[in-house]
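Input: a single structure, listed below in structure tokens.
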Amino acid sequence: MKVVVGTRGSKLALTQTEWVVNQLRGCNPEVEFEIKIIKTKGDLIQNVPLDKIGDKGLFVKEIEQQLLDGEIDLAIHSMKDMPSEVCPGLAFTYTPVREDARDVLVLKHPIKSLEELPQGATIGTGSKRRKYQLLNARPDLNIVPIRGNIDTRISKIETENLDGVVLAAAGIKRIGREEEIGYYIPVEIVLPAPAQGALAIEIRENDEKIYDLIRPIEDRLSQMQIEAERAFLDGVEGSCHLPIGAYAELEEERMKLTCLLGDEEGVKMVKEILYRACTTVEEARNLGYEAAKVILEKLQA
Ligand SMILES: NCc1[nH]cc(CCC(=O)O)c1CC(=O)O
């Protein structure tokens with residue numbers, strides 16, 4: 001049996017695809033896996049801020065089309081880049097173990113707490129979620145928009161003379177630049193994006209053969225976290241134009257779900273923490289939808 005795995009060609013996409021494929025090979029030694037690189041619209045439009053393009057699934061459409069057409073058999077994405085509605089005819093399979101969910105600062109000079117950043121420091125990020133939460137903690141910061149892949153964004157510290165940039169720990173660790181992390185931002189200060197650090201393995205719906213290949217690499221805890229966080233995203237009908245965050249933690253059989261939603265200008269932002277008994281993915285998902293209802297009511301109040 002031969003299985004073709006589709007991915008974008010960025011360093012991060014390739015590294016995480018190789019990571020998944022190596023594990024799949026270990027569990028399925030009789031199967032031949034081949035990696036196929038696919039260019040997406042998001043890869044071609046380089047210098048426009050993402051919130052000006054406003055196209056959900058900008059980095060995934062072409063890959064999903066090839067999945068539907070049978071050109072590839074499974075696709076690996078960063079789960080946080082996936083729209084909350086799954087493409088008709090396709091499905092996500094099991095979630096492998098999640099990387100560090102936190103956001104981090106890559107800085108000219110490492111720090112031990114946010115207070116150590118110089119007054120009025122210039123920090124690059126294109127994300128409203130990161131911007132408004134950082135400004136809540138440090139209103140004096142000068143937040144400037146940046147775009148590009150991880151290497152490009154880090155290089156802008158030098159080329160655009162920034163004090164630092166905000167990135168996901170997961171991406172930096174995966175591409176092997178972990179030593180350059182200057183500060184791990186606690187989730188209490190900047191709540192991560194729903195499913196940040198988690199991978200999505202997408203297949204044709206009802207493709208049982210492929211499901212079975214992936215089952216051995218499922219991580220149950222990650223799966224429950226992702227179900228809750230993405231249910232919240234779906235429940236608020238979130239887009240990348242709004243500050244949205246969600247982070248689920250499981251302690252014993254209890255889930256703590258922290259959620260954040262704000263308006264486009266970050267004038268109003270609401271954060272909620274819900275605790276519920278939780279032992280199944282259904283309960284995790286229900287908690288996410290419940291949190292969405294609670295937070296929408298508070299935001300509109
Ligand atoms: N938005 C792009 C993107 N998609 C996934 C990651 C990082 C890895 C992850 O969260 O899984 C990144 C870069 C970043 O936000 O720093």
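Because the structure is a prediction, the values reported are computed rather than measured. For ligands, and for the atoms within them, numbers begin at 1 and follow the listed sequence.
In the displayed structure, Glu282 atom CD is contacted under 6.0 Å by more than 12 heavy atoms of other residues, nucleotides or ligands. By the 6.0 Å contact criterion, CD on Glu265 is enclosed, its count of non-hydrogen atoms from other residues, nucleotides or ligands being greater than 12. For NZ of Lys298, the number of neighbouring non-hydrogen atoms (other residues, nucleotides, ligands) closer than 6.0 Å is 12 at most.
Which parts of ligand 1 touch Asp81 is read off a 4.0 Å heavy-atom cut-off, strictly below it: atoms 1 (N), 2 (C), 3 (C), 4 (N), 5 (C). Annotation for ligand 1: atoms under 4.0 Å from non-hydrogen atoms of Leu167 are 16 (O).
Between Ile157 and Leu107, the shortest heavy-atom contact is CD1-N, 4.4 Å.
No donor-acceptor pair closer than 3.5 Å links the side chain of Asp100 to the backbone N or O of Ala170.
Polar contact check, Arg130 against ligand 1: a nitrogen or oxygen pair lies under 3.5 Å apart. At under 3.5 Å, a nitrogen or oxygen of Gly197, whether backbone or side chain, sits near a nitrogen or oxygen of ligand 1. Considering backbone and side-chain atoms together, Gln196 places no N or O closer than 3.5 Å to any N or O of ligand 1. For Ala168, a nitrogen or oxygen atom sits less than 3.5 Å from a nitrogen or oxygen atom of ligand 1, counting backbone and side chain alike.
At a threshold of 4.5 Å between non-hydrogen side-chain atoms, the residues Arg204 and Asp73 count as touching.
For Arg174, the heavy-atom gap to ligand 1 drops under 4.0 angstrom.
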